[in-house]
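What follows is a set of notes on a single structure, which appears directly below.
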There are 2 protein chains.
Amino acid sequence: MITTFAGESKHFLDDKNRLSIPAKFRRWGDGEDPENAFFITKGSDPCLVAYPEPEWEIFTEKLKKLSQFKKKNRAFIRTWSRNSVRLKCDKQGRVLIPQEHLDFAGIKKEVIIIGALNYLELWDPETLAKHQESQIPLDDDYYEDLADIL
Amino acid sequence: MITTFAGESKHFLDDKNRLSIPAKFRRWGDGEDPENAFFITKGSDPCLVAYPEPEWEIFTEKLKKLSQFKKKNRAFIRTWSRNSVRLKCDKQGRVLIPQEHLDFAGIKKEVIIIGALNYLELWDPETLAKHQESQIPLDDDYYEDLADIL
DNA sequence: GATTTCTCCCCACATCTACCCACAATTATA
DNA sequence: TATAATTGTGGGTAGATGTGGGGAGAAATC
């Protein structure tokens, strides 16, 4: 069982591109996961997405079921896999994020870390603000649909 | 099973932004919840809303079922989760409320804590008074609709 | 094989958190 | 009513946390 991530923090990259993972996001489940590694990918939104290793594996197992005889499946699997990097926290609870991933999300120094239930999102503050502004507000139809499951 | 919260109290933030939870709201259910943590979120009204952890989890578990490959789902989860903070009572029954949340609700020193059945509302007294004044009175139609379920 | 780059350990330290103790005021109990 | 327990509030302090930087070893490059 994975701990549910919630809340947000602001941290800073240091000169070595290391990012402290907030302590509350650093441990999960029953603590029996010895490594507590994350997989970081490029998100569908302009941010990085960090999955605890078990979550990433669950998702990846689903992907394996896609037929590789469909061009779009191959493309998706390829992209997913290329963009995934396994990152282990150092003894101070930091991960070293590849420059290419930082560039994708426009992260320079400041990082907003959002706990989004079973994954984390890493945002550049400005990019996040702009994204929130340009966001189409959730409309009544959406809430109608939500109401069906909530 | 969650105890039903009812009634209201007035407490004061101390210099460290700690708020005593009224004793009657501090324990719930069968007392078998070892941590007795709250999740505090920004309300739809200008106040903070505090859910006992089990209540928050019920809702959140449903949210986890939403696919993250729909943009609107991501937006909804992000908003919900960003504003949520898990707060554990210290041994004296107090929680440390983040400054940002206090600012959202305009809380400075005095706090009105309202038991609202399965959650608590935290109000700045002035904000609450103003909100009550500007409140649209409940009309007959509303009571007609209520009658359907009551 | 030698040199350079990268990774990750360690140490350091300011800040923040949450423990503990304390105590007055209130409520419960005998 | 007297006594005991609970509650709300204040404050000191040890430990946790976030950040910075040196340097040993691994990996990559020449």
Side-chain angles (χ1 to χ4, degrees), chain A residues 3 5-28 31 34-40 48 50 53 84-103 107-115 120 122-125, chain B residues 3 5-28 31 33-40 50 53 84-103 107-115 120 122-125:
Chain A
T3 309
F5 302 123
E8 109 176 29
S9 339
K10 180 160 60 165
H11 281 182
F12 293 85
L13 279 185
D14 65 20
D15 295 341
K16 300 176 176 178
N17 281 356
R18 292 179 299 190
L19 176 70
S20 266
I21 301 295
K24 62 181 170 182
F25 297 154
R26 211 178 285 164
R27 292 171 288 272
W28 53 71
E35 299 246 272
N36 276 66
F38 287 93
F39 274 86
I40 295 208
L48 299 179
E53 188 158 29
S84 294
V85 195
R86 184 176 189 273
L87 300 181
K88 234 182 66 191
C89 290
D90 69 15
K91 288 284 164 69
Q92 276 71 253
R94 297 173 289 195
V95 292
L96 182 71
I97 304 181
Q99 187 62 48
E100 201 211 316
H101 282 71
L102 295 175
D103 292 344
I107 292 172
K108 290 161 288 280
K109 182 83 183 151
E110 235 171 308
V111 186
I112 301 214
I113 303 154
I114 301 178
L120 306 179
L122 312 182
W123 286 86
D124 169 65
Chain B
T3 310
F5 302 125
E8 110 175 31
S9 335
K10 179 160 61 165
H11 280 180
F12 293 86
L13 280 185
D14 66 19
D15 294 341
K16 299 177 177 179
N17 281 356
R18 292 179 299 191
L19 175 70
S20 266
I21 301 295
K24 61 180 171 181
F25 296 154
R26 207 177 290 165
R27 290 172 290 272
W28 51 70
D33 201 338
E35 301 246 272
N36 275 68
F38 286 93
F39 274 86
I40 295 208
E53 187 159 32
S84 297
V85 197
R86 183 177 190 271
L87 300 182
K88 231 182 68 192
C89 290
D90 69 15
K91 290 284 163 68
Q92 276 72 254
R94 296 172 290 194
V95 291
L96 181 72
I97 305 183
Q99 187 63 49
E100 204 211 311
H101 282 71
L102 295 175
D103 293 344
I107 292 172
K108 290 160 289 280
K109 182 82 183 152
E110 233 171 309
V111 186
I112 301 210
I113 303 155
I114 302 177
L120 306 177
L122 312 182
W123 286 87
D124 169 64

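In the text below, chain A, chain B and the rest are named by the order of the sequence lines, each starting its count at 1.
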(message) Tell me whether Asp15(A) at atom CG has more than 12 heavy atoms from other residues, nucleotides or ligands lying less than 6.0 Å away.
(response) no

(request) Sequence neighbours left out, what passes salt bridge (charged side-chain N to carboxylate O under 4.0 Å, His left out) with Glu8(B)? Give chain and number order. (result) none

(message) Applying a 4.0 Å non-hydrogen cut-off, can you work out what Ile21(A) is touching in the nucleic acid: base, sugar-phosphate, or nothing?
(response) sugar-phosphate

(message) Can you confirm whether more than 12 heavy atoms, excluding those of Lys108(A), are under 6.0 Å from its NZ atom?
(response) yes

(request) Check step by step if side-chain contact (heavy atoms from CB on, under 4.5 Å) holds for Leu102(A) and Leu13(A). (result) CA-CA 10 Å; Leu102(A) 295 175; Leu13(A) 279 185; 3.7 Å; yes

(message) Does any part of the side chain of Arg27(B), heavy atoms only, come nearer than 4.5 Å to the side chain of Asn36(B), both counted from C-beta?
(response) yes

(request) Tell me, please, which residues at least two apart from Val85(B) pass side chain to side chain contact (heavy atoms under 4.5 Å, CB included). (result) Leu87(B), Pro98(B), His101(B)

(request) Classify the angle between the aromatic ring planes of Phe5(A) and Phe25(A) as parallel (below 30°), tilted (30 to 60°) or perpendicular (above 60°). (result) perpendicular

(request) Would you name the heavy atoms of Lys109(A) and Asp14(A) that are closest together and state the gap between them? (result) NZ-CA, 4.0 Å

(message) I'd like the 5' and 3' limits of the part of DNA chain D contacted by chain A, with heavy-atom contacts below 4.0 Å.
(response) dT17(D) to dG23(D)

(request) For Glu100(A), enumerate each residue passing the side chain to side chain contact (heavy atoms under 4.5 Å, CB included) test, keeping only those at least two apart in sequence or located in another chain. (result) Lys42(A)

(message) Is it the case that over 12 heavy atoms from other parts of the model lie below 6.0 angstrom from the NZ atom of Lys88(A)?
(response) no

(message) Does the protein touch nucleotides 13-28 of chain C at the base, only the backbone, or not at all? Give it as B, S and - per nucleotide, heavy atoms under 4.0 Å.
(response) ----SBBBB-------

(message) What's the angle between the local helix axes at either end of the helix from dG1(C)-dC30(D) to dA30(C)-dT1(D), using five pairs per end and rounding to 10 degrees?
(response) 50°

